[in-house]
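One structure below.
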Amino acid sequence: MSDGSTDRLKGVRRRIDEAAGRSGRSGGEVTLVAVSKTFAADEIVPVIAAGQREFGENRVQEAQAKWPRLKAGQAGIVLHLIGPLQSNKAADAVALFDVIETVDRPKIARAIASEMRAQDRSVKLFVQVNTGEETQKAGVLPGELAELLQVCRHELGLSIAGLMCIPPVDEEPAVHFALLSKLASEHEVAELSMGMSGDYETAVEFGATSVRVGSAIFGARS
Ligand SMILES: *Cc1c(COP(=O)(O)O)cnc(C)c1O
């Protein structure tokens, strides 16, 4: 099983490089975030040993249970929070994660800003955009992005590194990747976190600077 994941990791990395090449970029410009949610520490260890350094988790508590030990003695691990964040978990999230990809409302931006000051810690931030305007999905609506960025940048002094999206399951992801890319350039945001196991190559072709890939590396989640 562990051999499987390291082979799959290599395959994903190679397909990212090829997709980048097709759009005139270098694979080195695209960060692979290995999404380890639901997988146990002993399934993650071989992937770290294979050289993978950026990992994504969607729940603060699950990450707290696994990552402090996984990180110990490993240089350069970068942990991304890719799931929704509640303000009462902001302190824990700022303490554990290096990147929070799911800033989507002023309240959570304020909680993160105040925790970064309190802990004297800087976390890289992405704003999640609900490009499909789905009622059940997290993320700021495209029409409200300008206002949220204004609050983050001018009221809270937060720098926003990138935008993130999760396209609706039943729609052509390329449309959403194109929209996220357009929003990023309109709002002068440099990075784009988009693409998962089923569509990361398309995302790279549409300009993703990071892709979040889980099952294509770790196998199916139960
Ligand atoms: C689970 C998850 C992923 C990875 O999904 P796969 O289809 O397993 O690659 C990516 N992004 C987010 C936000 C997720 O929750």
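Both counts, for ligands and for their atoms, begin at 1 and track the order of listing. Computed from a predicted model, the values in this text were never measured in an experiment.
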Looking at [Y] and [X], is any side-chain nitrogen of the basic one under 4.0 Å from a carboxylate oxygen of the acidic one?
X: E57; Y: K66; value: yes
X: E101; Y: K124; value: no
X: R121; Y: D98; value: yes

Practice problem: Please determine if I82 has a nitrogen or oxygen closer than 3.5 Å to a nitrogen or oxygen of ligand 1. | Solution: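 No; the residue has no nitrogen or oxygen that sits under 3.5 Å from a nitrogen or oxygen of the ligand.
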Self-check item: Geometric N/O contact N58 with ligand 1, under 3.5 angstrom
Solution: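 Between N58 and ligand 1, no N or O pair is found under 3.5 Å apart.
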Quiz item: Any idea which heavy atoms bring A208 and V30 closest together, and the distance?
Solution: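 Residues A208 and V30, closest heavy atoms: O-CG2, 3.7 Å.
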Any atoms of ligand 1 less than 4.0 Å from a non-hydrogen atom of [X]? List them with their elements.
X: S215; answer: 6 (P), 7 (O), 8 (O), 9 (O)
X: G214; answer: 4 (C), 6 (P), 8 (O), 9 (O)
X: V213; answer: 9 (O)

Shortest protein contact, [atom] (heavy atom only):
atom: atom 11 (N) of ligand 1; answer: R212 NE, 2.9 Å
atom: atom 10 (C) of ligand 1; answer: M196 SD, 3.3 Å
atom: atom 6 (P) of ligand 1; answer: S197 OG, 3.4 Å

Quiz prompt | Close approach, R221 and ligand 1, non-hydrogen under 4.0 angstrom | solution =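 Distance cut 4.0 Å: R221 passes for ligand 1.
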Under 3.5 Å, which donor-acceptor pairs link side chains of residues 213-222 to any protein atom two or more places apart or in another chain?
from, atom 1, to, atom 2, distance (Å)
S215, OG, S197, OG, 3.3

Exercise. Find out if a path of hydrophobic residues (ILVMFWY) with successive side-chain heavy-atom gaps under 4.5 Å connects Y200 to V129.
Key: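 As far as the 4.5 Å side-chain criterion goes, V129 and Y200 are connected within one cluster.
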Exercise. With sequence neighbours excluded, tell me which residues meet ring pair (Phe, Tyr, Trp, His ring centres under 6.0 Å) with F126.
Key: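 Listed in chain order: nothing, the list is empty.
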Practice problem: Going by heavy-atom distance to atom 2 (C) of ligand 1, choose the closest among R59, K37, M164, E101. | Solution: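 Comparing heavy atoms across R59, K37, M164, E101, the nearest one to atom 2 (C) of ligand 1 lies in K37.
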